[in-house]
J.: 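Here's a structure for you.
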Amino acid sequence: MPEGHTIHALAARLNRTLGGEAISVSSPQGRFASDAAVIDGRRLDQASARGKHLFLDFDDLTLHVHLGLIGTFHVKPRDPLGPAGTPARLQLEGRRYVAELRGPMICALVDEPTRAAVLAKLGPDPLHAPDVPSGSERGWERISMSRKTIAELLMDQAVVAGVGNVYRCEVLFRHRIDPFTRGRDLGRRLWDDVWEDLVTLLPLGMAFSQILTMQDQVAAAAEMVADGSSLAITETLSGERLGDHFDRRFHTYKRTGEACDRCGRRIRAELIGGRTLYWCPGCQRRRKR
DNA sequence: ATCATATGCTAAT
DNA sequence: TTAGCCTATGATA
């Protein structure tokens, strides 16, 4: 579930549904009980996201959340009925909505220096407006120095914040980049294209709570954003259902052995650094442009 | 029922 | 490079 677009959408959703209210905070599962008691009853001033990190400001206290690989943070209208599910690590109850956090990698109260340290380690975030103009230069500073492959570098949050395995594989395909190209061997313009594309793709992913990389879907989504009809979508999404506005289609992600839409070669997969890289050996040969 | 895998990341080796 | 963590889901038996 969680790449940067998910976390930014979540922050926005928390602000819409629980922002400004006094929140009943608890830990049904128990593991966060003592900290939950400290926050309980305080007002949620602001939720914010950077890369894959989420921060919830309650008065002078900051809660740091990172979903990791399997974490979920469901925000739904309060409903006394409905299935209970496994007990949440953290539960936030407002007047109209409830948020339930399960399986996070990080859920902890942090002080300001700690928050600053987290932010300082992150590279430019395509969804953080101030990073957009400088992002290609900042990313390039690390990429152009590195002997690591561009596939590995795109997963490094110090290079770009918010990109995960799906965006990595898909953006490399979109620019026909050989994923095994070392950073120092990658052409600058090719990286600039990637950054620019991420600046387009992540906001669309955020708006629709779904990773969109197929050009027909990207174009349709962009048009809906441009003419304002995505606002209605966002409201619909803010109800409950996420990520099923477009059908789920990717160029390479989880398509091992299938024929590439563009060239017909079989999509390949390889475990690299503990993560599965998917790519098309026919299309992805570029190192320079 | 059980198993493998997952859109992450860190610490230990 | 590997083990480990946390939970849900889809495939397999």
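The sequence lines fix the lettering, A, B, ..., with proteins before strands; numbering per chain opens at 1.
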J.: Rounding to an integer number of Å, can you tell me how far A:Ile70 CD1 sits from B:dT7 P?
T.: 12 Å
J.: How many Å lie between CG on A:Leu69 and C1' on B:dA4, as a whole number?
T.: 13 Å
J.: Under 6.0 Å from the CD atom of A:Glu196, do we count more than 12 heavy atoms belonging to anything else shown?
T.: no
J.: According to a strict under-4.0 Å criterion, is A:Lys52 in side-chain N/O contact with OP1 or OP2 of B:dC9?
T.: yes
J.: Which distance, rounded to the nearest 0.5 Å, do you find between the CZ of A:Arg95 and the CD1 of A:Ile23?
T.: 9.5 Å
J.: Please state the P separation for the pair C:dC6 and B:dA1 - nearest whole angstrom.
T.: 24 Å
J.: Does a side chain donor of either A:Gln29 or A:Arg102 reach within less than 3.5 Å of an acceptor in the other side chain?
T.: no
J.: By a strict heavy-atom criterion of less than 4.0 Å, which residues belonging to residues 100-126 of chain A are in contact with DNA chain B?
T.: A:Met105
J.: Should the pair A:Arg255 and A:Tyr278 be classed as cation-pi, given the thresholds of under 6.0 Å to the six-membered ring centre and 45° from the axis?
T.: no
J.: What is the distance, rounded to the nearest whole Å, between atom CZ of A:Phe73 and atom C1' of B:dG8?
T.: 17 Å
J.: If I take atom CG in residue A:Leu201 and atom P in nucleotide B:dT7, what distance separates them, rounded to the nearest angstrom?
T.: 18 Å
J.: Phosphate oxygens OP1/OP2 of B:dG8: is one of them under 4.0 Å from a side-chain N or O of A:Gln157?
T.: no
J.: Assess the side chains of A:Asp197 and A:His175: does a donor N or O sit below 3.5 Å from an acceptor N or O?
T.: yes
J.: Just checking, any donor-acceptor pair under 3.5 angstrom between side chains of A:His251 and A:Glu170?
T.: yes
J.: Categorize A:Gln29 for me: base, sugar-phosphate, or nothing, with a 4.0 angstrom heavy-atom threshold over every strand shown.
T.: sugar-phosphate
J.: Can you measure A:Leu271 atom CG to B:dA4 atom P for me and round it to whole angstrom units?
T.: 15 Å
J.: Describe, in one word, how the ring planes of A:Tyr253 and A:Phe250 are oriented to each other, choosing from parallel (under 30°), tilted (30 to 60°) and perpendicular (over 60°).
T.: perpendicular
J.: Across the strands shown, which category fits A:Ile211 at heavy-atom distances under 4.0 angstrom: base, sugar-phosphate, nothing?
T.: base
J.: Measuring to OP1 and OP2 of B:dT7, would you say a side-chain N or O of A:Tyr167 lies under 4.0 angstrom away?
T.: no
J.: Which part of the nucleic acid, if any, lies within contact of A:Thr72, taking any heavy atom under 4.0 Å across all strands shown: a base, the sugar-phosphate backbone alone, or nothing?
T.: nothing
J.: Could you tell me the separation between the CZ atom of A:Arg168 and the P atom of B:dT7, rounded to a whole number of Å?
T.: 9 Å
J.: Expressed as a whole number of Å, how far does the C1' atom of C:dT1 sit from that of B:dT7?
T.: 23 Å
J.: State whether A:Arg275 places a side-chain N or O below 4.0 Å from either non-bridging phosphate oxygen (OP1 or OP2) of B:dT7.
T.: yes
J.: Expressed in angstrom and rounded to an integer, what is the separation of A:Lys254 atom NZ from B:dT7 atom P?
T.: 6 Å
J.: On DNA chain C, reading 5' to 3', which nucleotide is the first and which the last to sit with an atom under 4.0 Å from a heavy atom of chain A, could you check?
T.: C:dC6 to C:dA8
J.: Looking across every strand, which nucleic acid part, if any, lies under 4.0 Å from A:Arg31 by heavy atom: base, sugar-phosphate, or nothing?
T.: sugar-phosphate
J.: Check whether the side chains of A:Gln217 and A:Gln215 place a donor and an acceptor atom closer than 3.5 Å, and report yes or no.
T.: no
J.: Do you know which two heavy atoms are closest between A:Ser134 and A:Pro130, and how far apart they sit?
T.: OG-O, 4.0 Å
J.: Given atom CG of A:Leu277 and atom C1' of B:dA6, what is their separation to the nearest angstrom?
T.: 16 Å
J.: Does B:dA6 have its OP1 or OP2 closer than 4.0 Å to a side-chain nitrogen or oxygen of A:Tyr278?
T.: yes
J.: Would A:Tyr167 and A:His5 count as a close aromatic pair, with their ring centres under 6.0 Å?
T.: yes
J.: So, OP1 or OP2 of B:dC9: does either fall under 4.0 Å of a side-chain N or O from A:His66?
T.: yes
